[in-house]
Amino acid sequence: QVQLAESGGGLVQPGGSLRLSCAASGSISSIIIMGWYRQPPGKQRELVAQISRGGRIAYGDSVKGRFTISTDNRKNTVYLQMSSLKPEDTAVYYCNADFRIFPLERSWGQGTQVTVSS
């Protein structure tokens with residue numbers, strides 16, 4: 001019902017910044033939470049940030065103070081502004097939309113690669 005399309009990934013030097021975008025289409029009225037997850041090479045997928053329809057925001061501990069999640073409701077788009085990037089931020093970043101919490105029902109984007117290296 002909902003399609004998610006990420007963009008904005010790329011190669012950046014340590015200390016640099018990137019802005020990821022996720023455009024949602026379809027039955028967007030059913031979304032209650034949107035967020036970003038990432039999967040570093042050889043590791044499990046982990047939460048980066050999420051924002052509820054009511055505006056409540058949560059961040060993963062490793063990105064607090066460096067990343068900011070925001071939305072543009074008119075454009076049905078969620079953003080992830082990343083600053084002070086570190087090599088350990090290198091991962092495939094996935095956009096996520098949740099429709100129910102219990103039982104959990106969610107959709108995923110295809111992912112966008114972020115590489116932090118000099």
Side-chain angles (χ1 to χ4, degrees):
Q1 294 183 357
V2 173
Q3 292 76 47
L4 304 173
E6 304 101 330
S7 62
L11 175 64
V12 63
Q13 292 186 339
S17 299
L18 281 176
R19 188 194 194 196
L20 305 183
S21 299
C22 175
S25 60
S27 301
I28 59 174
S29 62
S30 63
I31 300 173
I32 59 174
I33 296 173
M34 294 195 69
W36 292 92
Y37 288 71
R38 68 185 183 186
Q39 187 166 18
K43 298 182 179 180
Q44 295 183 343
R45 192 171 301 187
E46 64 181 2
L47 173 69
V48 176
Q50 62 182 25
I51 182 169
S52 72
R53 184 171 293 274
R56 285 174 287 184
I57 295 174
Y59 294 99
D61 289 340
S62 63
V63 307
K64 289 180 179 177
R66 299 188 298 119
F67 291 9
T68 302
I69 188 171
S70 62
T71 61
D72 185 332
N73 292 331
R74 188 180 67 85
K75 297 181 179 179
N76 298 319
T77 300
V78 62
Y79 303 96
L80 183 68
Q81 179 66 50
M82 305 183 294
S83 61
S84 301
L85 284 163
K86 306 174 182 179
E88 48 263 46
D89 294 319
T90 296
V92 177
Y93 284 70
Y94 296 91
C95 183
N96 153 257
D98 292 341
F99 310 100
R100 292 195 304 183
I101 302 302
F102 182 78
L104 183 62
E105 183 177 343
R106 58 186 10 177
S107 293
W108 297 93
Q110 295 181 351
T112 183
Q113 176 71 46
V114 173
T115 302
V116 184
S117 176
S118 59

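Glu88 CD: more than 12 foreign heavy atoms inside a 6.0 Å radius. Summarising the local packing, CD of Gln1 is surrounded by 12 or fewer heavy atoms from other residues, nucleotides or ligands at distances under 6.0 Å. Summarising the local packing, CD of Gln110 is surrounded by 12 or fewer heavy atoms from other residues, nucleotides or ligands at distances under 6.0 Å.
Clustering ILVMFWY residues whenever any of their side-chain heavy atoms sit less than 4.5 angstrom apart, transitively, puts Tyr93 in a cluster other than the one holding Trp108. By the rule that hydrophobic residues join a cluster once side-chain heavy atoms approach within less than 4.5 Å of another member, Ile69 and Ile28 end up as members of one cluster. Residues Ile31 and Tyr79 do not share a hydrophobic cluster, clusters being chains of Ile/Leu/Val/Met/Phe/Trp/Tyr side chains in contact below 4.5 Å. Both Val48 and Val12 belong to a common hydrophobic cluster when Ile, Leu, Val, Met, Phe, Trp and Tyr are linked at side-chain heavy-atom distances under 4.5 angstrom. Hydrophobic clustering, with ILVMFWY side chains joined whenever heavy atoms are under 4.5 angstrom apart, groups Val116 together with Leu18.
Between Gln39 and Tyr94 there is a side-chain heavy-atom pair separated by less than 4.5 Å. The shortest side-chain heavy-atom distance between Thr71 and Met34 does not fall under the 4.5 Å cut-off. Residues Thr90 and Gln113 form a side-chain contact, since some pair of their non-hydrogen atoms from C-beta on lies under 4.5 Å apart. Side chains of Met82 and Leu20 form a contact here, defined as non-hydrogen atoms less than 4.5 Å apart. Residues Leu4 and Val78 form no side-chain contact, since every pair of their non-hydrogen atoms from C-beta on lies 4.5 Å or further apart.
Put simply, CG on Leu85 and OG on Ser117 are 12.0 Å apart, with the number rounded to the nearest 0.5 Å. In this structure, CG on Leu11 lies 8.0 Å from CD on Gln13, to the nearest 0.5 angstrom. To the nearest 0.5 Å, atoms CG (Asp98) and CD (Glu105) are separated by 9.5 Å.
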Query raised in the report: Run the side-chain contact (heavy atoms from CB on, under 4.5 Å) check on Arg38 and Asp89 step by step: do they pass?
Result: CA-CA 9 Å; Arg38 68 185 183 186; Asp89 294 319; 2.9 Å; yes
**Report entry** From CA spacing to verdict: side-chain contact (heavy atoms from CB on, under 4.5 Å), Ile33, Ile101
**Finding:** CA-CA 9 Å; Ile33 296 173; Ile101 302 302; 3.7 Å; yes
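At distances below 3.5 Å, at least one donor-acceptor pair connects side-chain atoms of Glu6 with backbone N or O atoms of Cys95. One N or O on the side chain of Thr112 and one on the backbone of Gly9 form a donor-acceptor pair closer than 3.5 Å.
Residue Ser21 comes nearest to Trp36 through the heavy atom pair O-CH2, 3.6 Å, listed as atom of the first residue, atom of the second, then distance. Heavy atoms only, all atoms of each residue included: Leu80 and Ala49 are closest at CD1-CB, 4.3 Å. Nearest approach of Ser118 to Pro14, heavy atoms of both residues: N-CD, 3.7 Å. Closest approach of Ser27 and Val2 over heavy atoms only: O-CG2, 3.4 Å. Nearest heavy-atom pair across Arg66 and Ser83 is O-OG, 2.8 Å. The two residues Glu46 and Pro40 come nearest to each other via the heavy atoms OE2-CG, 4.5 Å.
Checked for salt-bridge contact, Lys64 and Asp61 meet the test: a charged N lies under 4.0 Å from a carboxylate O.
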